[in-house]
Number of protein chains: 2
Amino acid sequence: MSELRGSTHAKRAAYDLRQRIVKGELPGGTRLYEVALAEELEISRTPVREAMSRLAEEGLLERARGGGFVVRSFTYGDVIDAIELRGVLEGTALRLAAEAGAPDDKIKQIKGLIAKIDAGFDTDGAPPNLEQYSGLNSEFHDDIAALCPSSIVRSELERVKSLPFASPSAFVFRRRESKAMEQSIIIAQAQHRAMVEAIERREGARAEALAREHARIARQNLEQKTLDPEELDPALALIVD
Amino acid sequence: MSELRGSTHAKRAAYDLRQRIVKGELPGGTRLYEVALAEELEISRTPVREAMSRLAEEGLLERARGGGFVVRSFTYGDVIDAIELRGVLEGTALRLAAEAGAPDDKIKQIKGLIAKIDAGFDTDGAPPNLEQYSGLNSEFHDDIAALCPSSIVRSELERVKSLPFASPSAFVFRRRESKAMEQSIIIAQAQHRAMVEAIERREGARAEALAREHARIARQNLEQKTLDPEELDPALALIVD
DNA sequence: ACGCCCGCCGATGTATACATTGCGATGTAT
DNA sequence: ATACATCGCAATGTATACATCGGCGGGCGT
């Protein structure tokens with residue numbers, strides 16, 4: 001088996017298959033055969049089935065008619081739609097958080113996180129650390145989602161974010177020279193601040209609208225990247241169309 | 001095995017377990033043991049695992065830490081949230097349908113369906129058939145969701161609707177004498193008409209708002225039913241709180 | 001009495017043999 | 001040549017034996 005992660009064969013196999021799918025090695029529509037995979041991974045069919053089952057729960061595989069699994073196909077349009085959907089669900093989560101009210105200490109903590117992101121760009125000449133930004137940005141999105149009082153909404157949002165191209169930091173820029181990147185992050189941070197403020201002031205509709213618009217940054221980055229042949233994002237590897 | 005539905009042991013077991021869960025025989029939090037279930041259903045552990053895996057995909061079971069499955073717990077608040085979420089997703093589906101435009105023949109067909117629902121209440125004295133209404137109402141909701149151009153949004157909406165208490169006809173009234181029921185259906189039909197009109201006129205925001213408000217009928221019916229001890233809805237059997 | 005360790009037991013994890021099904025290839029009859 | 005029946009293979013479905021892990025309790029040492 002090629003990966004060591006996880007404690008059981010099933011988990012390792014799931015990890016392995018997940019990697020192959022998001023890297024595009026297993027394109028959408030590919031039928032997965034238990035026997036072939038079992039031989040390839042040098043395990044028996046049982047953990048392979050278990051692994052495929054887990055990936056089906058994640059939405060990366062679909063159960064085929066007559067049994068078996070197929071790698072789910074995602075078109076470019078699906079990526080756009082998934083980002084839009086993430087915006088809608090984050091918007092709902094924030095609206096509910098605003099309507100219910102959020103504890104001051106959590107708000108304070110999130111404001112600290114925003115400041116920390118700012119600090120990463122106050123480097124005056126030194127190139128900003130985009131890896132760090134990506135991580136902190138994900139953390140921010142997780143934190144504001146946690147403010148939502150509805151576990152149902154939280155879990156459905158989590159589910160959509162688990163799609164590799166729908167996560168909040170899927171399409172952050174890679175090339176630090178980019179002027180567009182700098183602007184994009186300035187705008188994003190302004191929206192981050194506004195979202196927290198809206199929740200704080202219990203302005204539900206505003207929080208919802210901001211979250212939706214905020215998700216469109218990802219869409220914009222994606223569309224720009226698609227035009228630039230040097231910026232092929234690994235998160236797009238599993239796109240069929 | 002107690003049920004004949006389905007062609008394989010795994011599908012039968014899944015059907016069987018699903019029934020028991022939604023009927024409340026297996027309350028939220030119940031740990032499911034492979035061996036016990038296998039003996040009970042007189043099949044081996046393999047199809048039992050397969051069945052549990054499918055139910056986890058549906059969201060009725062959760063994988064427990066250290067392996068195994070637990071019946072997912074739903075509180076009364078979760079039911080409210082799921083209805084709200086259904087409204088949000090239907091709203092998004094309708095907004096996208098309105099923005100993209102929907103073919104005339106589909107619109108025409110849905111208008112016919114609305115008229116058919118009306119006809120069921122033009123009985124002048126004869127009691128309306130609530131079973132029929134429930135079915136036609138579900139059909140209407142399926143049909144308008146089908147207008148949504150995004151398969152991602154469609155499938156997530158479908159997923160939420162599969163929760164037994166979040167389906168569009170989960171809380172239609174049962175007692176035909178109810179005056180509130182009559183009014184509720186008059187309002188619902190007006191909203192149905194308005195939603196189709198909004199899509200037709202490409203009024204995305206209006207379609208979205210209508211869908212959200214429309215879902216609140218279910219919430220209203222639920223809250224009213226909860227107050228009435230004679231109206232215990234079977235869809236509520238699996239609620240823990 | 002307290003605590004540690006060891007071994008059992010019950011649970012899931014895994015391998016594997018066998019059953020079954022669905023589909024395609026091959027053949028024959030018309 | 002075409003239609004249809006049949007055979008066979010390859011795939012998943014199923015049963016079951018064995019492996020492994022983790023928790024719990026009892027026994028022993030201090």
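These numbers were taken from a predicted model, which means no experiment stands behind them.
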J.: What integer distance in Å separates B:Glu39:CD from D:dT16:P?
T.: 12 Å
J.: Using a cut-off of 6.0 Å, state whether more than 12 heavy atoms not belonging to A:Asp104 lie near its atom CG.
T.: no
J.: Please report the distance, rounded to the nearest Å, between OH in A:Tyr33 and P in C:dG22.
T.: 16 Å
J.: Separation of B:Arg45 atom CZ from D:dT20 atom C1', in whole Å?
T.: 12 Å
J.: My understanding is that only one of B:Arg72, B:Lys161, B:Arg18 makes a salt bridge (charged side-chain N to carboxylate O under 4.0 Å, His left out) with B:Glu58; could you say which?
T.: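 Of the listed residues B:Arg72, B:Lys161, B:Arg18, the salt bridge (charged side-chain N to carboxylate O under 4.0 Å, His left out) partner of B:Glu58 is B:Arg18.
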J.: NZ of B:Lys11 versus P of C:dT20: gap in Å, rounded?
T.: 17 Å
J.: Using heavy atoms to find the nearest nucleotide of DNA chain C for A:Gly66 and A:Glu50 separately, return the residue whose nucleotide is more 5′.
T.: A:Glu50
J.: If you compare every side-chain N and O of A:Arg49 against the phosphate oxygens of D:dG13 (OP1, OP2), does one of them come in below 4.0 Å?
T.: yes
J.: Nearest heavy-atom pair of B:Ala170 and B:Pro164: which atoms, and what distance?
T.: CB-O, 3.6 Å
J.: Look at the aromatic rings of A:His192 and A:His141 and report parallel, tilted or perpendicular, splitting at 30° and 60°.
T.: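 The arrangement is perpendicular - the two ring planes meet at more than 60°.
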J.: Just name whichever nucleotide pairs with D:dT12, Watson-Crick or G-U, keeping both distances under 3.5 Å, else none.
T.: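 Here D:dT12 is engaged in a pair, and the nucleotide opposite it is C:dA19.
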J.: Identify, between A:Thr46 and A:Met52, the residue whose nearest nucleotide on DNA chain D lies closer to the 5' end.
T.: A:Met52
J.: Could you give the CZ-to-C1' distance, from A:Arg31 to C:dC23, as a whole number of Å?
T.: 12 Å
J.: Any salt bridge between A:Arg212 and A:Glu90, counting N to O under 4.0 Å?
T.: no
J.: Without decimals, in angstroms, what is the distance between B:Glu42 CD and D:dT16 C1'?
T.: 17 Å
J.: Does the structure show a Watson-Crick or G-U wobble partner for C:dA29, both distances under 3.5 Å? Name it, or say none.
T.: D:dT2
J.: Just N and O in the side chain of A:His9: are any of them under 4.0 Å from OP1 or OP2 of D:dT20?
T.: no
J.: In whole angstroms, how far is the P atom of C:dC23 from the CZ atom of A:Arg65?
T.: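 These atoms are roughly 6 Å apart.
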J.: Separation of B:Ile43 atom CD1 from D:dG13 atom C1', in whole Å?
T.: 11 Å
